[in-house]
Amino acid sequence: MLPLHGKARGISKRRGFSRETKFVVLVLVGVGAMFAAALLLFPYLEDKLDEANHAETGHHHDGVRVEDDHAPPPPAPSDSILKGRDSEEQKSLEQERIEHQKDLDAEHTRLLEQQRQAAAAEKARAHAAQESAKKPLKRVTEDDEPDENPPAVEVSHRNGNSKFRADGRCGPRFPAPGAPDFGECDPNADEDQKGPCCNPNSGWCGNIRGADWGHCPPDCESCIDFSAHSRKEESKRDVPIKRDMEVPSDAILTLEPGTYDSEGNLRVMSDSDLISKRDFVKNMMKVAWSGYRKNAFGDNELMPKAKRGHSAGIFGSSKMGATVVDALDTLYIMGMKEELAEAREWVATRLDFNVGASVSVFEVTIRFVGGLLSAYAMTGDDVYKQKAFDLAERLLPAFNTPTGVPLAQINLKTGTARNWGWAAGRCSILSEFGTMQLEFEYLSLITGDSRFANVIKKVTDYVVAKQPADGLYPNFLHPNTGRWGSAHISVGALGDSFYEYLLKMWVFRGGRAKDSDLEGRKPYDSAMRPIMDKLVFKSSKSQLTYVAEMKGGRVEHKMGHLACFIGGLFQLGIKGAPADLKVKYGELGEEVTKTCHESYDRTASKIGPETMYFSGAEEATCARVNERYYILRPEVIEAYFYSWRLTHKPIYRQFAWEAAQAIEKHCRCGEGYCGLRDVNKASPGQDDVQQSFFLAETLKYLYLIFSDDDLVSLDKWVFNTEAHPVPIQLKSN
């Protein structure tokens with residue numbers, strides 16, 4: 001048997017180890033010894049390396065750099081050190097943790113002490129200011145030498161509302177250079193008016209709240225004018241008022257300092273300020289009109305950024321100049337004579353309704369028929385009446401249904417009508433077939449053609465007679481069967497203007513002047529009672545009043561922007577209301593309008609969303625991105641308009657001015673105004689459509705809010721749902 005090669009070469013029974021084998025063994029032993037030595041020395045070398053690094057760069061505890069003390073290096077490790085190394089490392093780490101915690105505790109204690117000292121200093125400053133205010137001070141006269149360095153006012157970082165300067169005298173927090181003083185502070189006078197004060201920038205008397213210059217006492221004439229101009233006469237209308245106090249109709253508010261007194265009450269502003277606000281809104285109208293005139297004249301609407309025309313589905317494929325017709329009465333009211341003449345010329349020579357386009361019966365009625373009738377009523381120009389007659393006559397075939405309830409769309413050339421494909425069960429929509437009475441009845445009156453009044457009366461009588469047992473009108477009704485459709489109830493989208501016209505037809509017929517025609521307004525009051533009983537709620541957090549919706553008998557706690565018009569409607573319905581509803585209408589009108597203002601005030605843009613919710617964490621806000629848009633809608637401003645006209649509480653002019661400024665800031669775009677994609681953003685993105693109702697409604701209501709009551713008086717005119725005024729039928733009118 002042959003031997004294995006390894007055994008034969010490595011081990012010889014006869015001769016012992018070979019030279020090669022001995023050499024290999026020695027090498028292996030040496031390598032093993034070196035490896036063992038490295039294992040013993042590695043921890044020691046690691047510690048030395050760490051010490052060197054720490055000595056050079058330091059280490060960090062919670063972001064605070066701490067330098068190590070340079071300690072002598074430890075002795076070389078021995079066997080006993082190696083055996084006890086793990087336990088000593090644990091002790092070291094624990095000790096380090098304890099020291100670190102002590103450092104944190106010390107830092108926390110230091111911060112608490114700083115806060116305590118700051119609070120004590122603030123308290124001492126406040127006490128010193130109070131004591132200083134009690135000291136009698138000499139009134140400043142023109143013979144007194146000015147203080148070269150008037151003391152600065154102590155301003156609280158918490159509210160920034162210091163009442164006095166540091167020396168106890170009245171005056172602004174930051175006096176103008178060279179202003180010696182601002183009057184004596186009288187501790188016995190009104191809390192917000194410590195004696196006469198003088199605004200060095202204007203020369204007017206005022207109070208001490210920074211640049212907030214309010215009403216002055218009779219002895220304000222002794223104030224010194226420290227401005228470069230002579231002292232101006234104080235406006236007789238510049239007086240402090242309470243929130244619930246009625247004020248003259250030509251009063252106005254501003255957002256500038258001076259709007260509020262220390263109690264949060266609003267001050268009436270001067271006639272000149274009133275004019276400036278109207279001019280501000282009028283300039284917005286000029287921008288909107290000129291952009292349309294330049295880039296899309298004759299088209300239905302404008303795309304301000306694309307600088308071309310736009311037409312929504314409600315107009316079909318037509319180009320009927322919706323913006324021209326919608327803007328006619330606004331141009332007239334604002335005195336824009338040249339623009340009105342140009343618009344009138346276009347209507348007379350180019351407006352043609354013989355188009356093969358399927359349009360919305362409702363939309364062309366309120367925008368075109370309503371706009372033309374309003375222009376006729378204001379100017380007496382027959383061209384507007386003739387155009388309105390032509391269009392309304394083309395709409396009549398839509399009423400040829402078994403119930404008389406009109407279909408939603410009609411081809412203006414062929415007369416072919418149909419309902420919207422998206423409407424539940426191919427039904428007609430409450431807010432559409434219930435919102436043509438005003439236009440059609442007035443058209444019959446001025447033309448002598450009773451067809452228009454007859455067809456619309458049939459609709460109203462039929463629908464009112466079918467009011468459900470619970471009193472709540474669903475949003476859908478089938479025009480052939482007369483059956484109510486989907487059980488969706490809303491005073492917003494799909495329902496809104498039906499309720500509006502129930503009241504406004506009574507107003508149109510002179511109901512508010514009679515103040516005793518309860519029968520004529522019965523359909524309106526009968527519709528409002530169940531709404532107030534079943535759909536009006538208050539939010540749990542801030543007690544904001546809102547009108548909810550209902551679907552399938554289940555309440556949905558949301559309210560659309562469109563529904564905010566009802567705040568004004570409630571107030572329009574106070575006069576002539578049954579005794580048990582007068583107060584309730586007034587309260588609800590103001591409360592709902594306040595809620596709608598909250599929907600604006602609680603967004604970053606100060607413009608409200610399409611829908612606001614009242615559930616969970618949402619209160620007059622909207623968490624749904626797809627419902628946070630704004631398309632230049634007027635309903636909230638419409639509520640401000642009626643609230644101002646019918647209560648004369650200045651808060652509503654304030655609200656309107658806030659809205660005007662927010663729209664100008666965020667919606668101005670290209671050569672006009674655009675809607676917003678997300679009102680919750682401080683700099684929201686824009687769409688590219690200038691809606692025709694922006695000129696017809698939004699800007700008109702804003703302008704009228706800052707105008708005298710006799711400009712389109714509510715005693716003589718009633719607005720259709722597109723804000724086109726129609727004369728109330730009175731003998732004197």
Side-chain angles (χ1 to χ4, degrees), residues 278-312 314-353 355 357 359 363-364 366-376 378-379 381 383-384 386-388 391 631-634 660 663-664 666-675 686-704 722-725:
R278 283 204 304 268
D279 287 345
F280 182 91
V281 177
K282 185 175 180 179
N283 185 66
M284 294 175 71
M285 180 66 181
K286 288 181 177 179
V287 170
W289 175 261
S290 63
Y292 169 76
R293 172 63 185 86
K294 177 181 177 182
N295 300 286
F297 202 43
D299 283 294
N300 289 316
E301 292 169 326
L302 167 69
M303 299 177 70
K305 292 187 282 191
K307 299 181 182 180
R308 59 184 175 85
H310 170 267
S311 187
I314 56 175
F315 305 120
S317 58
S318 71
K319 287 188 177 182
M320 299 188 299
T323 296
V324 177
V325 180
D326 243 354
L328 287 170
D329 52 7
T330 306
L331 294 172
Y332 181 86
I333 290 169
M334 293 186 181
M336 298 172 63
K337 296 180 180 180
E338 292 183 6
E339 293 86 348
L340 178 62
E342 189 174 34
R344 189 264 180 206
E345 179 66 18
W346 187 92
V347 169
T349 60
R350 300 179 59 186
L351 179 57
D352 182 8
F353 295 121
V355 294
V359 301
E363 293 289 351
V364 298
I366 65 171
R367 300 193 196 205
F368 287 86
V369 178
L372 291 166
L373 290 177
S374 183
Y376 168 75
M378 291 182 172
T379 66
D381 192 333
V383 70
Y384 299 126
Q386 293 166 3
K387 293 292 184 179
L391 176 57
I631 56 172
L632 306 175
R633 288 201 188 278
I663 292 171
E664 176 66 23
H666 297 294
C667 299
R668 183 76 174 268
C669 66
E671 298 199 16
Y673 292 86
C674 298
Q686 299 171 325
D687 63 23
D688 193 13
V689 180
Q690 180 176 278
Q691 307 282 348
S692 75
F693 55 69
F694 179 64
L695 290 78
E697 300 183 75
T698 310
L699 295 179
K700 182 185 293 149
Y701 283 131
L702 281 171
Y703 188 82
L704 291 174
E722 190 80 1
H724 296 307

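Side-chain atoms are counted along with the backbone in the values below, which use heavy atoms only and exclude waters and symmetry mates.
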Treating [X] as the side-chain partner and [Y] as the backbone partner, does any N or O pair qualify as donor plus acceptor under 3.5 Å?
X: Thr330; Y: Leu695; value: yes
X: Tyr384; Y: Gly371; value: no
X: Gln686; Y: His666; value: yes
X: Glu301; Y: Ser692; value: yes
X: Asp326; Y: Ala696; value: no
X: Thr698; Y: Leu632; value: yes
X: Tyr703; Y: Phe280; value: no

task = Would you please classify the geometry between the Phe353 ring and the Phe368 ring as parallel, tilted or perpendicular, with 30° and 60° separating the classes?
result =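 Ring orientation of Phe368 relative to Phe353: perpendicular.
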Looking only at heavy atoms, which two atoms of [X] and [Y] are closest? And how far apart?
X: Pro725; Y: Lys700; result: CD-NZ, 4.4 Å
X: Ala296; Y: Leu302; result: CB-CD1, 4.0 Å
X: Gly670; Y: Lys305; result: N-CG, 4.1 Å
X: Leu373; Y: Ala388; result: CD2-CB, 3.8 Å
X: Gly298; Y: Trp346; result: CA-CZ2, 3.5 Å

Identified side-chain hydrogen bond (donor to acceptor under 3.5 Å, both in side chains) counterpart of Arg344 within the set Asp381, Thr349, Thr379 =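 Going through Asp381, Thr349, Thr379 one by one, the side-chain hydrogen bond (donor to acceptor under 3.5 Å, both in side chains) with Arg344 is satisfied by Asp381 alone.
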query = Only one of Arg308, Glu671, Gln690, Lys307 clears side-chain hydrogen bond (donor to acceptor under 3.5 Å, both in side chains) with Asn295; which?
reply =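 It is Glu671; the other options fail the test.
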query = Just by distance, with hydrogens left out, do Glu664 and Tyr673 show a side-chain donor and acceptor under 3.5 Å apart?
reply = yes
Going by heavy atoms in the side chains, are [X] and [Y] under 4.5 Å from each other?
X: Val689; Y: Ile631; result: no
X: Phe694; Y: Thr323; result: no
X: Leu328; Y: Val347; result: yes
X: Asn300; Y: Ser318; result: yes
X: Met334; Y: Trp289; result: no
X: Met320; Y: Val364; result: yes

query = Is any NZ, NE, NH1 or NH2 atom of the basic residue among Arg293 and Glu338 found under 4.0 Å from an Asp or Glu carboxylate oxygen of the other?
reply =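 A salt bridge is absent here (no side-chain N lies under 4.0 Å from a carboxylate O).
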request  = Could you walk me through whether Leu331 and Met285 pass side-chain contact (heavy atoms from CB on, under 4.5 Å), step by step?
outcome  = CA-CA 8 Å; Leu331 294 172; Met285 180 66 181; 3.7 Å; yes
message = Between Val325 and Lys387, does the side-chain contact (heavy atoms from CB on, under 4.5 Å) criterion hold? Intermediate values first, please.
response = CA-CA 11 Å; Val325 180; Lys387 293 292 184 179; over 6 Å; no
message = Applying side-chain contact (heavy atoms from CB on, under 4.5 Å) to Arg350 and Val324, what does each step give before you reach the verdict?
response = CA-CA 11 Å; Arg350 300 179 59 186; Val324 177; over 6 Å; no
inquiry  = To the closest 0.5 Å, what do you measure between CD (Gln386) and CG (Leu391)?
reply    =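 If I round to the nearest 0.5 Å, the distance is 14.0 Å.
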message = Return the CD1 to CZ distance between Ile366 and Phe693, rounded to the nearest 0.5 Å.
response =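 Here the interatomic distance stands at 9.5 Å.
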task = Evaluate whether the separation between SG of Cys669 and SG of Cys674 stays below 2.5 angstrom.
result =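 Answer is yes: Cys674 pairs with Cys669 in a disulfide.
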inquiry  = Could you walk me through whether Met378 and Ile333 satisfy the side-chain contact (heavy atoms from CB on, under 4.5 Å) test, starting with their C-alpha distance in whole Å, then the side-chain angles of each, then the deciding distance to 0.1 Å, before giving a yes or no?
reply    = CA-CA 9 Å; Met378 291 182 172; Ile333 290 169; 3.8 Å; yes
